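Just so we're clear, the structure is a prediction, and the values are computed from it rather than from any experiment. Note that these values count all heavy atoms, side chains included, but never hydrogens, waters or copies made by symmetry.
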There are 2 protein chains.
Amino acid sequence: MSTRQRILDTALDSFGTTGVDGTSLDALARDLGLRKQSILYYFPSKVALFQAVIDEAAATFIAELDEIVLDARDVWEQVEGTVRVVFRLAVRRPALLGLLREASRPGSTVAVQLTSRLSGHIEAAQHSLEIALKEGRVRGEDARLLLFSLYSTIMGVATEVEVLRAMGIEPSLRSLAERRAELLRFLRVALQPV
Amino acid sequence: MSTRQRILDTALDSFGTTGVDGTSLDALARDLGLRKQSILYYFPSKVALFQAVIDEAAATFIAELDEIVLDARDVWEQVEGTVRVVFRLAVRRPALLGLLREASRPGSTVAVQLTSRLSGHIEAAQHSLEIALKEGRVRGEDARLLLFSLYSTIMGVATEVEVLRAMGIEPSLRSLAERRAELLRFLRVALQPV
DNA sequence: GTCGATTTCTACCAATTGGTAGAGGCGGCT
DNA sequence: AGCCGCCTCTACCAATTGGTAGAAATCGAC
């Protein structure tokens, strides 16, 4: 793997767990077995590196979502696909979810950049939700609120892994799968029209 | 108000919005019209200050919750009370919610402290949820997952304010009240037994 | 007024931060 | 060999970080 890509990968992990402010270029270079000047050779500044990491993270996130969600035939399949993607990321790349949270924090300069990057996907999801609402296939009123609720519920439950880890409890894959199944049941019931 | 209390207040706002790493004692002192040495007079170190802030934040949060939630007669009143408290905090003290997120981030040293501080309330809520589940007054299976889902949903929607602000949109109080009402409808439907 | 405690100040400090300048290694190409 | 472009290095820098030492100011009590 190219040095540039290695830097992006390690930076994502570090930014996602320790935070951007909590990650120094020195520490990052140490993890890579390099000097920080080599990092600054590939990326002109730290914020440039952060933006590149965000860009790549958003790209992979969208790619994973698109692959599963876009060719879903109804809203429920979209929800199911999103849950699958987010949980897979929570297991395989927990730092990515942490990074998304970090970047969407108010005051972050890249928040705008990230949301504009994701806005296409968000609007598409909202649109298909609105249609489903209008046709009565989904229970609810405001598509935007529904979307936010779904998103925050999924993210919250998925990041429960991290919270548990922070409390010193290592969650098993089995318990994670159970939680995912329960979350799906919960969402199905919540979405089902009366 | 005492200087010590002023420091705690300003620190909460700063830590909650800019983050702990993103807040220097110098900047904090500047906001207070002091020198940072005066801060270090009241709190021996920065992490000591952070812990004090967390402690106070958790205390107010719990106090607000207890006041409304504990004398609720059924689970639905508890949920309604929690939503009311969180939304009120999102309007009056948005930094507090940001701080709670910051502190519950994995890798944070105070995460354990915070959760142990809240654990009493969490267990009480989980307990009453379990009873409601057993008696069939609430639809669901795992009380713990249900609790997490409720919590993350409420938090997510409440912090939508911050996300919108980060996108440059100032949400009106009216729209916030609407969202709260919609969230309550959403939760009521999701909890109602069949 | 003055004593003593509480509080806030000036003056430093070592360590770390992100970032610059430029030398040298390394490979392939002619 | 010699050159060149790519990469990584050493050496350094100004600014900022959290924190210390101790001098002044401020205060109420007597």
Exercise. Provide the full list of ring-ring contact (aromatic ring centres under 6.0 Å, His included) pairs with a residue in residues 61-82 of chain A, sequence neighbours left out, each pair given once.
Key: none
Self-check item: Under the side-chain contact (heavy atoms from CB on, under 4.5 Å) test, residues paired with L49(B) that sit two or more places apart
Solution: I7(B), L8(B), A11(B), F15(B), L25(B), L28(B), I39(B), F43(B), V53(B)
Practice problem: Just grab all the salt bridge (Lys or Arg N to Asp or Glu O under 4.0 Å) pairs involving residues 32-43 of chain A, residues at least two apart or on different chains. | Solution: D26(A)-K36(A)
Exercise. Grab the CG-C1' distance between D26(A) and dG19(C) for me, whole Å please.
Key: 11 Å
Which atoms of nucleotides 23-26 of chain D (N or O only) lie under 3.5 Å from a protein N or O atom, and what are those distances?
none

Quiz item: Whole-Å distance between dG19(D) P and L25(B) CG?
Solution: 7 Å
Quiz prompt | Short side-chain to backbone donor-acceptor contact, Q5(A) and M1(A), under 3.5 Å | solution = no
Quiz item: Quick one, which residues of residues 31-43 of chain B touch DNA chain D with a heavy atom under 4.0 Å?
Solution: K36(B), Q37(B), L40(B)
Exercise. Using side-chain contact (heavy atoms from CB on, under 4.5 Å) as the criterion, list what pairs up with T60(A), not counting sequence neighbours.
Key: L96(A)
Quiz prompt | Qualifying salt bridge (Lys or Arg N to Asp or Glu O under 4.0 Å) pairs, either residue in residues 87-97 of chain A, two or more places apart | solution = D13(A)-R93(A), E64(A)-R88(A), E64(A)-R92(A)
Quiz item: dG19(C) C1' sits how many Å from L49(A) CG, rounded?
Solution: 14 Å
Exercise. Tell me, please, which residues at least two apart from A63(A) pass side-chain contact (heavy atoms from CB on, under 4.5 Å).
Key: none
Quiz item: Rounded to whole angstroms, how far apart are CG on D21(B) and C1' on dG18(D)?
Solution: 12 Å
Exercise. With sequence neighbours excluded, give me every salt bridge (Lys or Arg N to Asp or Glu O under 4.0 Å) pair touching residues 124-135 of chain B.
Key: E135(B)-R137(B)
